[in-house]
Structure formats: structure tokens, C-alpha cells
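Starting off with a structure, shown below.
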Amino acid sequence: MKVAELITQLSLTAFTGKAGLDREIEGGYVSDLLSDVMGHSQAGQIWITLQTHKNVIAIASLKDLSAVILVKGNTPGEEALAQAIEEGIPILGTQMDTFEIAGRIYNLLRQPS
Amino acid sequence: MHFRYKIEGGDFTNAGSTASAVKKVLKQLNIDPVIIKRTVVGIYEAEVNIVAHAYNGVIDVDIDENRIFARFEDAGPGIPDITKAMEEGYSTASEIVREMGFGAGMGLSNIKNNSDKLEIISQVGKGTTVEITNYFNSK
């Protein structure tokens with residue numbers, strides 16, 4: 001599923017505008033520990049977290065993640081936002097908590113298209 | 001090919017820039033993506049360790065046709081017990097660093113799991129040197 005489609009399906013906020021909307025989401029990873037994501041996430045996954053600082057984007061870029069979703073109404077820091085737009089990595093937002101958004105995305109990704 | 005990067009302790013804004021630069025070079029050299037991924041994890045973690053724990057440091061990266069070698073030499077507090085530091089979950093990171101999601105005690109084990117060769121030499125009160133080698137042909 002493309003990032004743009006996920007935004008529509010789950011009414012997500014796209015903080016980064018049009019950046020990276022055609023990236024393909026191949027799975028997801030949920031963690032707020034940066035080294036956990038560094039060590040165990042896989043390329044193409046969407047990262048669900050409550051961390052909002054610039055290092056999140058550095059990791060998303062290094063690991064070739066498809067996008068980052070900030071939960072519970074969190075918004076990205078200014079530097080994170082600028083870096084994400086420059087690297088073409090979408091930062092998305094939702095009011096949902098981690099459990100709920102992860103469940104929704106899990107179900108969507110497992111639906112036969 | 002040789003590169004040198006300077007790292008300032010506490011400068012989280014630029015943490016990851018060495019890993020990012022090395023990733024670009026390895027991609028240009030058409031290195032196996034699996035090896036690039038492993039190398040990037042190790043370099044990122046070692047770089048963050050300098051930012052999180054040391055006063056400053058120098059990273060030397062050397063690439064030839066067989067391998068990439070990276071040496072992280074810092075001036076910092078040093079590691080009193082390296083075996084303990086290698087244990088997953090053990091961390092001496094500050095509260096502020098932990099709130100950012102760092103300091104989970106996984107950095108060194110990430111480096112170990114993603115390098116072919118790892119050497120750590122540390123002197124308490126002086127600093128730590130970490131050396132990572134990854135070979136391009138795993139033959």
C-alpha cells in the first residue's frame with residue numbers, strides 16, 4: 001500500500017505535505033527505543049512512535065523506512081520536519097494511540113488488494 | 001579511500017551524519033545491500049555512543065576492495081567494565097538521553113550483531129576506541 005492511500009484510509013495528517021507520498025508500505029514497526037528500531041526494523045516498514053525529534057528521521061532514512069507515524073496528536077519538531085522534507089520521508093500524524101493505529105494498519109496491510 | 005569525521009559530545013542534531021555519508025559511499029561502490037545495512041547500523045550506534053557519552057571524538061573510515069574499517073576514538077569517561085557494557089539492556093545514559101529514546105542498552109549489542117570484527121579498548125578517565133570491520137566478500 002502507498003503512503004498516500006494509508007493517509008486517506010485512516011484520515012492521517014501529512015506534516016510533510018507531498019513528500020514521499022508514493023512510497024510503498026511493506027509492513028510496520030512499533031517502538032520508541034531508537035536502537036531497537038535501528039537493530040530490528042526492516043526497509044519499507046512504517047514506523048509508529050511517539051518520538052518527535054530529528055534523530056527519528058535520521059534512523060528512518062538510514063533504514064529506508066517508508067514513513068513515520070506520530071501517535072496521540074504528537075507533532076514533529078521543526079528540525080525533524082525540515083530534514084524529513086529534504087529526504088522525502090513522510091511524517092504522518094494521528095490522534096489514535098499506538099495500539100489502535102497499529103491494529104488498523106495491520107489489518108489494512110493484510111487485506112487482499 | 002579514507003574519510004575522517006569529527007564528532008562533538010552532546011550534539012544530537014548531527015548524530016547519524018557519518019552513517020549517512022558512509023551509506024552513500026558504499027551505495028556508489030555497489031556494495032551488497034545486506035552488507036551496507038549491517039555497516040550502517042554499526043556506524044550509527046558507535047557514532048551515537050560518542051555523542052551520548054564522550055566529550056568529543058574522531059571517526060576514521062577506511063574502505064578498500066575487501067572491507068570497510070571504522071575506528072571511533074573518543075575523549076571521554078571510558079568504560080570501566082566492557083563485558084557489562086556489552087550486556088543488552090545495560091546503560092549508563094543520562095535521563096535526558098533516555099527520554100529521547102536512546103540509552104536502551106542496545107547500542108553495543110547492535111554493533112556486535114552487525115559487524116564481522118569488533119574491538120573495544122577503553123581507559124577510564126581518558127576515553128574509548130571502538131573498531132569495526134565488515135568484509136565485502138563473506139567467503
Side-chain angles (χ1 to χ4, degrees), chain A residues 19-20 23-24 26-66 68-72 74-89 91 97-98 102, chain B residues 7 10-27 32-53 85-93 96-115:
Chain A
R23 285 178 165 240
E24 190 69 32
E26 288 159 27
Y29 201 80
V30 179
S31 185
D32 302 318
L33 298 177
L34 304 190
S35 284
D36 179 34
V37 179
M38 201 62 213
H40 301 289
S41 66
Q42 301 293 325
Q45 289 178 332
I46 188 163
W47 176 13
I48 304 167
T49 184
L50 46 73
Q51 299 288 355
T52 58
H53 53 84
K54 192 185 168 194
N55 299 94
V56 168
I57 304 309
I59 290 175
S61 166
L62 287 168
K63 296 291 286 186
D64 299 316
L65 302 180
S66 54
V68 175
I69 297 193
L70 307 181
V71 296
K72 295 196 288 189
N74 278 300
T75 56
E78 217 170 283
E79 285 183 329
L81 196 59
Q83 179 85 11
I85 290 168
E86 194 188 316
E87 304 232 11
I89 298 168
I91 307 180
D97 65 22
T98 305
Chain B
I7 305 288
D11 180 18
F12 280 97
T13 306
N14 290 311
S17 52
T18 302
S20 180
V22 170
K23 183 183 176 187
K24 276 187 198 130
V25 171
L26 293 179
K27 265 191 174 171
D32 179 351
V34 175
I35 294 167
I36 296 180
K37 282 187 182 123
R38 278 166 58 78
T39 305
V40 162
V41 172
I43 289 182
Y44 177 82
E45 294 290 3
E47 190 181 355
V48 165
N49 277 346
I50 296 179
V51 176
H53 296 286
M86 292 299 295
E87 280 175 19
E88 189 144 330
Y90 180 80
S91 176
T92 57
I96 298 164
V97 169
R98 282 173 206 252
E99 274 172 17
M100 290 175 78
F102 293 108
M106 299 174 74
L108 285 176
S109 46
N110 269 352
I111 298 175
K112 196 176 176 209
N113 293 337
N114 287 284
S115 57

**Fill in**
Separation between CD (A:Q83) and OG1 (B:T13), nearest 0.5 Å, reads 10.0 Å
**Asked** Taking everything shown except A:E24 itself, do over 12 heavy atoms lie less than 6.0 Å from its CD?
**Response** yes
**Asked** Could you state the interatomic distance from NZ (A:K54) to CG (B:N14), rounded to the nearest 0.5 Å?
**Response** 5.5 Å
**Request:** Could you list which of residues 56-64 of chain A have a heavy atom closer than 4.5 Å to any heavy atom of chain B, in residue-number order?
**Result:** A:A58, A:I59, A:S61, A:L62, A:K63, A:D64
**Asked** Given a strict heavy-atom distance threshold of 4.5 Å, which part of A:A80 is in contact with chain B: side chain, backbone, both, or neither?
**Response** neither
**Complete:** Distance col, row B:F102:CZ vs A:M38:CE, nearest 0.5 angstrom, shows 10.5 Å
**Item:** Heavy-atom side-chain contact between A:L34 and B:M106 under 4.5 Å
**Value:** no
**Item:** Distance, nearest 0.5 Å, that separates CE of B:M100 from CG of A:L33
**Value:** 13.5 Å
**Request:** For A:N55 and B:A15, work out which heavy atoms get closest and say how close.
**Result:** ND2-CB, 3.6 Å
**Region of B:Y44 in contact with chain A, defined by heavy-atom distances below 4.5 Å** = side chain
